[in-house]
There are 2 protein chains.
Amino acid sequence: MAKQRNNSINIKSVAQLAGVSISTVSRVINSPESVSEELRERVRKAIEELGYRPNQIARSLRTGSTKVVGFIIPDITNPAFLLMVKGAEDYLKRKGYMFIVCGTDHNIEEETKLLKTLLSQSVEGIIVTCSGGRNSSFAKTIQDSGVKLVFMDRRYEDIDLPYVGVDNTAGMEKITDLLVQTGHRSFVYLSGERNTSSAKERLRGFMKSMKKHGVKDYQVLYGRFTFESGYELTKKLKKIPEAVVGGNDLVALGAIEALNEMGYHVPDDVSVVGFDDMFYSKYSKPGLTTVRQPIYEMGYIAGKVLWQLLSGKNVRKRVTILQTDIVLRETVKERNASDRRLTEKVEVVS
Amino acid sequence: MAKQRNNSINIKSVAQLAGVSISTVSRVINSPESVSEELRERVRKAIEELGYRPNQIARSLRTGSTKVVGFIIPDITNPAFLLMVKGAEDYLKRKGYMFIVCGTDHNIEEETKLLKTLLSQSVEGIIVTCSGGRNSSFAKTIQDSGVKLVFMDRRYEDIDLPYVGVDNTAGMEKITDLLVQTGHRSFVYLSGERNTSSAKERLRGFMKSMKKHGVKDYQVLYGRFTFESGYELTKKLKKIPEAVVGGNDLVALGAIEALNEMGYHVPDDVSVVGFDDMFYSKYSKPGLTTVRQPIYEMGYIAGKVLWQLLSGKNVRKRVTILQTDIVLRETVKERNASDRRLTEKVEVVS
DNA sequence: TTGTACGCGTTATCAA
DNA sequence: TTGATAACGCGTACAA
């Protein structure tokens with residue numbers, strides 16, 4: 001059963017009421033200056049009276065322009081992703097766009113599926129935060145369709161499309177440098193899933209710092225990017241290092257919890273750092289020292305880049321990398337050579 | 001400049017390639033059983049070969065059914081709202097719907113504006129979590145349009161439309177009862193903005209408990225629903241009560257922070273409870289005793305109700321109220337009559 | 001400045 | 001079972 005037109009008020013009824021042709025009504029809406037003042041007023045009154053609103057669907061079909069952009073993010077429940085989305089929306093809504101936001105639940109197949117759905121919804125552009133480290137069917141679908149697309153925060157490195165991200169490598173290197181400079185000698189790096197571009201970059205930053213300073217006493221562990229994973233990984237540690245580096249804040253917070261339970265004090269016995277500066281990190285006790293990313297700004301710029309693409313402009317920079325800041329709080333403590341109590345304690349424990 | 005059709009692959013090109021009429025192609029897509037096996041296969045091969053996907057816009061124009069539902073929530077950055085949205089999406093996406101999610105930033109005017117925008121985008125249904133306690137232009141716009149609409153979590157009480165929410169009153173009453181039963185004699189209730197339906201309901205629950213048990217020693221303070229607000233309100237307290245009740249978890253956590261700084265221990269000196277059981281509350285130290293709402297489920301049911309509306313069914317229950325659970329953690333301590341140390345201390349402080 | 005008529009891509013009706 | 005054709009609501013080239 002075809003859905004009943006709940007609203008028969010279309011351009012035609014307005015035209016009738018105003019006693020003009022539909023083209024005049026259309027013109028009043030789209031280029032009022034090309035209509036005589038008299039008719040313009042008549043039409044406007046008719047529009048007002050009927051409460052007429054142009055049917056966007058019909059409009060889109062006709063013009064080929066839907067004024068809708070889509071987002072594909074790994075998890076619509078994660079505030080960080082949504083802050084990016086908000087950034088992009090804030091830029092694009094001033095240009096008259098609407099938004100469809102889809103979450104893949106970190107599922108790569110879902111990602112391609114959503115892409116196709118968005119395509120058939122005729123979105124004009126798409127902003128994607130990748131769910132995995134590789135997605136071959138994704139690339140194919142994009143190229144076939146010719147949509148405008150921008151990667152945000154994470155990208156598929158084999159797809160050459162504009163990307164707006166954060167310098168994960170430099171950020172992680174910087175905070176690890178800080179640990180080395182404050183006298184830490186032994187390290188554990190707690191990574192999450194190792195497949196996304198950002199996860200790889202962060203680990204690379206950690207490794208760079210280790211190499212640069214000639215530190216040999218480090219260990220890299222893989223888990224997930226969750227509180228629980230940080231907790232469990234830490235609990236399994238045979239040897240407690242002087243510093244624990246979390247692949248993100250959640251992991252770091254989990255590590256702190258585990259360390260506390262194991263009888264270690266942060267930062268007196270062990271320093272811990274994270275990455276993200278998520279909402280809660282400033283309220284945790286002790287306050288987590290971490291790396292802050294310009295999340296909102298990243299989205300905002302991604303929106304801007306997409307808009308350049310949409311308006312047919314040449315995008316000067318295909319890749320935009322934003323820098324991070326270190327947020328000093330309370331989980332890092334300066335250590336010096338005489339401070340060997342910890343190491344001894346570890347010997348006993350292990 | 002009209003946008004160039006990037007895809008000339010439409011139903012017509014499929015028909016040509018398969019050597020059939022467009023009606024046959026349409027039928028293969030919408031009612032395959034009504035097409036002979038031979039043609040069906042030919043058409044399918046053509047579709048595959050061209051990578052054809054039906055244009056949803058054209059489809060919508062023709063059928064009047066867009067298969068899109070919109071959400072209006074106060075803040076797209078708040079994980080709680082998004083978990084509701086996810087619940088609704090999970091239900092509705094199995095029915096083939098897409099989603100447009102809009103945030104008002106707690107701005108009521110924006111709310112009406114977004115509603116109108118969604119309407120002109122021809123969404124079939126809308127799920128709304130109100131941004132304020134009243135919005136008169138909202139009601140009018142809905143009634144004029146005849147959209148299917150469901151309120152989720154918060155509603156405008158003067159608009160008679162289906163509502164799915166949580167029993168805020170009973171939840172708050174229950175946890176306050178718990179405090180009374182565990183020997184607490186003096187209370188401070190820290191509310192957020194007092195204009196939303198849920199905020200009012202929670203306060204009502206607190207008051208009911210006070211009255212029921214004949215407690216006179218209580219105080220209600222208004223601020224915002226933020227950590228900072230809970231912190232500031234608490235800092236200004238002249239007299240520290242035996243129990244602080246937060247209008248939500250954020251406020252409660254802020255109160256704990258303030259109490260700690262003021263030299264009070266939670267829960268030894270003061271008990272604190274919240275409402276929401278937000279993500280971080282289980283990790284806070286001490287773990288926050290609070291009220292858990294079935295957030296996801298609420299969204300799921302809202303989705304279900306909307307679907308009933310959309311498929312023209314009679315919705316049996318216009319109002320669905322879900323019950324809450326108390327989550328016992330570490331911020332409440334049993335007190336007894338001999339435990340008067342605190343009161344004395346307070347006398348001195350104030 | 002205004003109106004007529006066509007087409008956007010699809011589904012639905014009707015004949016064949 | 002299949003095909004030709006009329007809508008859906010709008011924008012726009014072209015004619016007046």
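Labels below follow one simple rule: chain letters A, B, ... track the order of the sequence lines, proteins then strands, and each chain is numbered from 1.
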(Q) Using OP1 and OP2 only, check whether a side-chain N or O of B/Ser23 sits under 4.0 Å from D/dG3. (A) no
**Q.** Among C/dT13, C/dT10, D/dG11, the nucleotide that comes nearest once only the side chain of B/Arg27 is considered
**A.** C/dT13
Q. What's the CD1-P distance between A/Ile29 and D/dG9, to the nearest Å?
A. 14 Å
Q) Would you say B/Ser197's side chain and B/Arg155's backbone share a donor-acceptor pair under 3.5 angstrom? A) yes
Q. Quick one: which of C/dT4, D/dC10, C/dG9 gets closest to the side chain of A/Ser21?
A. C/dT4
Q: Check B/Asp75, B/Asn195, B/Thr104 against B/Ser131 for a side-chain hydrogen bond (donor to acceptor under 3.5 Å, both in side chains) and give me the one that passes.
A: B/Thr104
Q) With respect to the phosphate group of C/dT11, does any side-chain polar atom (N or O) of B/Arg59 fall under 4.0 Å of OP1 or OP2? A) yes
Q. Can you check whether B/Asp160's main-chain N or O pairs, donor with acceptor, with B/Arg318's side chain at less than 3.5 Å?
A. yes
Q: Measure the distance from CD1 on A/Ile22 to P on D/dG9 and round it to the nearest whole Å.
A: 11 Å
Q) Are OP1 or OP2 of D/dG3 and a side-chain N or O of B/Thr24 less than 4.0 angstrom apart? A) yes
Q: Report the nucleotide, chosen from D/dT2, D/dG9, C/dT10, that has the shortest atom-to-atom distance to any side-chain atom of A/Leu61.
A: D/dG9
**Q.** With B/Tyr91 via ring pair (Phe, Tyr, Trp, His ring centres under 6.0 Å) - residues at least two apart
**A.** B/Tyr300
Q) What nucleotide among C/dT1, D/dC10, C/dT10 has an atom nearest to a side-chain atom of A/Ser36? A) C/dT1
Q | Nearest-Å distance for atom pair NZ/P, residues B/Lys12 and C/dC8 | A | 7 Å
Q.
Just the rounded figure in Å: distance from C1' of D/dC8 to CG of A/Asn55.
A. 9 Å
Q.
Rounding to an integer number of Å, can you tell me how far B/Ile11 CD1 sits from C/dG7 C1'?
A. 16 Å
Q | Spacing between B/Ile57 atom CD1 and C/dT11 atom P, to the nearest angstrom | A | 13 Å
Q: Please check the phosphate of C/dT11 (OP1 and OP2 only) for any side-chain N or O of B/Asn30 closer than 4.0 Å.
A: yes
Q | A/Val20 side-chain proximity, nearest of C/dG9, D/dG3, C/dG3 | A | C/dG3
Q. For C/dG9, does OP1 or OP2 lie under 4.0 Å from any side-chain N or O of B/Asn10?
A. yes
Q: Determine whether any donor atom in the side chain of B/Arg62 lies under 3.5 Å from an acceptor atom in the base of C/dA12, or the reverse, and answer yes or no.
A: no
Q | d(CD1, B/Ile47; P, C/dT10) in whole Å | A | 10 Å
(Q) Using whole Å, what does the distance between atom P of nucleotide C/dG9 and atom CD of A/Gln121 come to? (A) 16 Å
Q. If you look at every strand shown and take non-hydrogen atoms under 4.0 Å, does A/Leu39 touch a base, only sugar-phosphate, or nothing?
A. sugar-phosphate
Q | Main-chain N/O of B/Ser65 paired to B/Thr63 side chain as donor or acceptor, under 3.5 Å | A | yes
(Q) Does B/Ser26 contact C/dA12 through a side-chain donor or acceptor facing the base, at a distance under 3.5 Å? (A) no
Q. Which is it for B/Thr112 and B/Ser137 under the side-chain hydrogen bond (donor to acceptor under 3.5 Å, both in side chains) test, yes or no, and what are the steps along the way?
A. CA-CA 7 Å; B/Thr112 310; B/Ser137 61; 3.0 Å; yes
